Q: 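My questions all concern the structure below.
Since this is a predicted model, take the numbers as computed values, not measurements. Residue numbers start from 1 in every chain, and the chains themselves are labelled A, B, ... in the order their sequence lines are given, proteins ahead of strands.
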Amino acid sequence: MSNNKNLRRIAVDPVTRVEGHGKITLLLDEQNHVREARFHIVEFRGFEKFIQGRPYWEVPYFVQRLCGICPVSHHLAAAKAVDQLVGVDALTPTSTKLRKLLHFGQTLQSHALHFFHLSSPDLLFGFGSNLEHRNIVGVIEDFPDLALKGVRLRKFGQQVIEVISGKRIHGAATVPGGMNKALTIEERDRLLADINDVLIWAQDAVALNEKIHTEHPENHGFARLNSNYLSMVGADGKLELYHGGLRASRPDGSKIFDQYDYRGYTHIIREEVRSWSYMKFPYLTELGRENGWYRVGPLARINNCDYISTALAEAARKRFVAFGNGGFVHDTLAYHWARMIEVLHSAESIHELLLDPEILGTDLVVKGEKREEGIGVIEAPRGTLFHHYTVNEDGTIKKANLIVSTTSNNQAMNESVRSVANEYLDGNEITEGLLNHLEVAIRAYDPCLSCATHALGKMPLEIELIDAAGEAIDRMSKASNGSIKRTL
Amino acid sequence: MSNKTITIDDIEVPFEEGQTIMDAALAAEIYIPHLCHKPGLSPHGSCKLCTVDVDGRAVSACTLPAAEGQRIDNNTPALNEVRKTITQMLFIEGNHLCPSCEKSGDCTLQAMAYHLGMLDGHFPQFYPQRELDASHPTLVLDRDRCILCELCVRASREYDGKDVFAISGRNTNRQLIVNSATGRLADSDIETDDMAAHICPVGAILIKDHGYEIPIGRRTFDLHSVAESDLGEIKLSNVRHHDE
Ligand code: SF4
Ligand code: FES
Ligand code: NI
C-alpha cells in the first residue's frame with residue numbers, strides 16, 4: 001500500500017456533486033388505483049456536453065467525478081473506450097489482470113457498502129420496524145459482529161483500489177492502452193495477508209442473505225417483476241464483470257441475443273426520452289418501447305450467466321438457481337442475495353489474481369493506430385455501463401454518450417414502485433408505512449442516487465399523490481436524517 | 001563574496017550587487033513562496049506570492065533589488081495568510097478541476113495551496129469561458145488552467161529565441177494568446193522540445209496523448225514539498241524511491 005500520509009493533494013473541485021435525492025409521483029386513476037409511478041432522480045445530465053471539446057486521454061479521469069461511490073467503474077468503462085481510440089483491442093495480460101483486480105476491488109467495496117450500510121437495517125429489522133433503530137447504528141448495536149465484517153469487507157475492497165490506483169477515490173490507474181503502475185510483491189503480499197478472512201466474511205454475507213430471503217416468503221413477491229435481463233457474459237456464458245459479450249434474456253430464460261459485441265449496442269438498445277424525467281428510458285430494440293425494458297445489475301447477471309468460474313460463488317449460485325426451481329429468480333429483493341454472491345466471487349477472483357504470477361508483470365502498455373470512435377462497456381456493481389465517445393482529428397471529444405446502470409433500471413424501478421404502491425396504498429393518503437416500503441423497493445436496485453447520501457444510508461425522498469384530475473392530494477417527505485413530514 | 005547583507009526573518013543573508021531579495025534568499029536556501037518566478041528567466045512580479053515586508057512595506061521579493069541593511073519579514077502568519085488568499089483567487093479565477101487533472105501532484109499551484117494550508121477556494125467561482133487549443137500535433141493549450149504567470153511567454157522569448165506567447169486583454173478578460181496569424185498553436189513555431197512547452201507550472205500547456213503516466217505517490221509533490229523542490233534540495237538519494 002502506498003504511504004498515503006505523504007500524498008500532498010488539494011482537491012479543489014468547483015463542480016459540486018448534486019445532492020442525490022429521489023422523488024416519487026404516484027398517479028391515481030378514477031378508482032384510486034396507482035395507474036403510473038414516476039421515480040425521479042437527479043442524474044448526470046449535462047455531463048455529455050461538459051466533456052465535449054476536452055482531450056480524449058483525460059476522459060477516464062473526468063468521468064471519475066460522475067459518482068462518489070463508483071468512480072472506478074466509470075474510470076474503467078471510459079478507459080476501455082479510450083483503448084479503442086488509440087487502436088488497442090487487447091491489453092497485455094498483466095494490464096488486463098490489474099484492471100480486473102481493480103474492478104473486483106470496486107465491486108467488493110460497493111456491494112459491501114450497499115448491503116451493510118444501506119440495506120441490512122431493512123432486512124434485519126423488517127421494513128415496518130422502528131425507524132429510530134432501523135439504521136446502521138441499530139445494526140452495530142444488535143449485530144456488532146456483522147457490522148464489523150461489513151466494514152472490513154468494504155475496507156479490503158478499498159485497499160485493493162488504493163494499491164492499484166494510488167488512492168481510494170480519484171486515483172490514477174489507467175493510461176491509453178494499459179496501466180501506469182505494476183504491482184509490487186510487497187503490495188501483493190499485503191493484500192494476500194487478509195484474503196482468508198475476506199473469503200470467510202464474504203461466505204457469511206452470502207449465507208445471511210440467502211437465509212433472509214429464503215426464510216421470509218413475504219419478501220418473495222415484494223416488488224417482484226417478471227422482467228427481461230441484460231448483462232455481459234464471458235465467452236462460454238460465465239459470469240463476467242470486466243469484458244465479454246452482451247446477453248439479453250426473456251423472463252422465461254430464453255435468449256433475445258447472446259455474445260453480442262457491445263460496440264454495436266446502438267442497434268440493440270434505444271433510449272426513450274419522457275418529458276417528466278431527466279433520465280432516459282432504454283429498451284431493447286427488438287422488443288419495442290412497450291415491452292423492451294429490462295433489468296441490469298446483480299440479479300440480471302446471476303440469472304443470465306451459465307456458471308461462475310470460482311467454486312464458492314458457483315456453489316452459492318446453484319443454491320440460488322435451486323430456489324428459482326431452475327428458472328430465473330424474479331424477486332426484486334433477491335438483488336441483495338445476488339449481490340452477495342458477487343461479493344464472494346469478487347473475493348475469490350481477487351485471491352486468484354493475486355496468486356497469478358502474471359499479475360506482477362511489468363509489460364503494461366500497448367500502442368496502436370488511432371481511431372475516431374471508442375465504446376467501452378463493463379458490468380459495474382449496479383449493472384451494465386456504456387461509455388461511447390467519438391473524437392475530432394485534434395484528439396478532442398466530439399460526442400459522448402453514456403448509459404449508466406441506474407438508467408437501465410429506470411423503468412423497472414418505476415414498475416416496482418407501482419406494484420408496491422398498489423399493495424400498500426390505503427385510500428388516498430400517504431402513510432409512513434407506504435413511504436418505507438417504497439424506499440425498500442427502490443433501494444434493492446442500489447440506484448446511483450444513494451451514492452451522494454451514503455453516510456447513514458438515508459436518501460431524502462418525497463412522495464406525491466396525484467389524483468385522476470391531475471390534482472396533488474397528498475405529499476410527504478423524508479429527510480436524510482430520517483424525519484418524516486407531511487408537506488401538503 | 002560580498003559582505004553586504006540583508007536580514008530575512010532574523011537570519012542574516014549575504015547578497016551580491018544586482019541580486020533581488022528572491023535571488024539572495026534562494027541562494028541562502030530560504031524559501032519565499034513564488035509562482036511566476038523561475039531562476040534564469042527575467043523576473044516578472046505578477047503573481048504577488050512572493051510578497052514580503054521590507055522595513056514595513058509590502059513588496060515583491062522577486063523584483064526588488066536587495067539593499068544593504070533591509071529588514072525583511074517573510075515567513076509570518078500574516079504574510080502567509082495574504083499568500084493563501086492570493087492562491088485562492090488564482091484557483092477561482094480559472095477552471096481548476098484537480099481530481100481529474102493530469103497535473104495533479106505535479107502542479108505548483110496545487111502544491112502552493114497545500115503549503116499554505118488552503119482547504120478550499122473560499123471565494124465564489126468565476127467559471128470563465130476559455131478556449132482550448134488542440135490544433136498543434138503534439139501540444140495542447142488548455143487555458144482553463146492558465147494562471148497568467150507568463151513563464152511560457154518569457155521562456156519562449158528568452159530561452160527558445162521565439163515569441164510564441166503573449167498576454168492580452170484586461171482584468172478578467174486577460175488571457176494567454178498565441179502569436180500566430182490564426183492565433184492557433186499549430187500555426188506558431190513552437191516545438192515539442194522548446195522550454196516553453198514544458199515550463200507551465202499548472203498544466204495549461206501539455207504534451208498531447210500523454211497523461212497520468214506517473215502513478216500517484218511518485219509525482220513531484222508527492223515526494224517533496226513545493227519549498228523543497230523550489231530550493232533544489234532534491235538530492236539523488238531522495239529521488240531513488242521512484243523505482244523501489
Ligand atoms: S500557460 Fe502556463 S506558463 Fe503560460 S502563462 Fe499560463 S500558467 Fe503561465
Ligand atoms: S514570484 Fe514574485 S510576483 Fe510572482
Ligand atoms: Ni454511482
Side-chain angles (χ1 to χ4, degrees), chain A residues 1-4 6-16 50-51 53-66 71 75 79 82 85-86 162-167 169-182 184 186 364-365 367 370 391-397, chain B residues 87-88 91-92 94-102 104-105 107 109-122 124-127 131-137 140 142 144 184-186 206-226 241 244:
Chain A
M1 264 126 281
S2 63
N3 28 354
N4 242 354
N6 297 333
L7 286 188
R8 295 165 201 280
R9 286 287 193 286
I10 303 293
V12 169
D13 189 0
V15 184
T16 46
F50 198 51
I51 197 104
R54 301 297 311 171
Y56 74 84
W57 59 92
E58 259 185 16
V59 170
Y61 292 84
F62 242 92
V63 298
Q64 298 201 75
R65 301 144 40 84
L66 285 174
H75 183 64
V82 168
L85 289 175
V86 297
E162 193 180 322
V163 160
I164 307 289
S165 72
K167 285 169 84 191
I169 56 160
H170 294 137
T174 70
V175 292
M179 297 290 278
N180 69 9
K181 182 172 98 52
T184 65
E186 192 253 340
L364 298 178
V365 182
K367 304 249 181 245
K370 281 197 200 156
V391 287
N392 299 304
E393 219 173 301
D394 65 6
T396 56
I397 297 293
Chain B
T87 308
Q88 285 169 324
F91 268 99
I92 58 114
N95 297 309
H96 298 274
L97 312 178
C98 301
S100 57
C101 181
E102 138 65 13
S104 192
C107 171
L109 180 66
Q110 187 189 41
M112 184 64 71
Y114 188 87
H115 176 77
L116 296 169
M118 173 187 144
L119 297 174
D120 57 24
H122 183 76
Q125 285 290 327
F126 274 38
Y127 295 118
E131 222 174 296
L132 182 123
D133 182 346
S135 64
H136 196 275
V140 55
D142 183 356
D144 273 347
R184 299 186 329 149
L185 211 51
L206 288 173
I207 308 297
K208 252 190 183 176
D209 300 318
H210 290 270
Y212 316 96
E213 282 158 7
I214 302 172
I216 288 174
R218 301 182 200 169
R219 297 191 151 216
T220 311
F221 300 112
D222 291 338
L223 303 170
H224 306 282
S225 74
V226 65
H241 41 147
E244 73 186 0

Q: Do B:F221 and B:Y114 make the cut of ring centroids closer than 6.0 angstrom?
A: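 Not close enough - the centres of the two rings lie 6.0 Å or further apart.
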Q: Would you mind checking which part of B:E102 comes under 4.5 Å of any heavy atom in chain A, side chain (CB onward), backbone (N, CA, C, O), both or neither?
A: neither
Q: Can you label the angle between the B:Y212 ring and the A:Y61 ring as parallel, tilted or perpendicular, going by 30° and 60°?
A: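 Judged by the thresholds at 30° and 60°, the geometry between B:Y212 and A:Y61 is parallel.
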Q: Heavy-atom pairs under 4.5 Å with chain B are the metric here; pick the option from A:V365, A:L364, A:V175 that has the most.
A: A:V175
Q: Residues in side chain to side chain contact (heavy atoms under 4.5 Å, CB included) with B:D209, at least two apart?
A: A:Y56, A:W57, A:K370
Q: Can you sort out the partners of B:E131 under side-chain hydrogen bond (donor to acceptor under 3.5 Å, both in side chains), two or more places apart, ordered by chain and number?
A: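 Partners of B:E131 under the side-chain hydrogen bond (donor to acceptor under 3.5 Å, both in side chains) test: none.
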Q: Could you check which of B:V140, B:D144, B:D142, B:I92 has the highest count of heavy-atom pairs closer than 4.5 Å to chain A?
A: B:D142
Q: Is chain A contacted by the side chain of B:H136, its backbone, both, or neither, given a heavy-atom distance below 4.5 Å?
A: neither
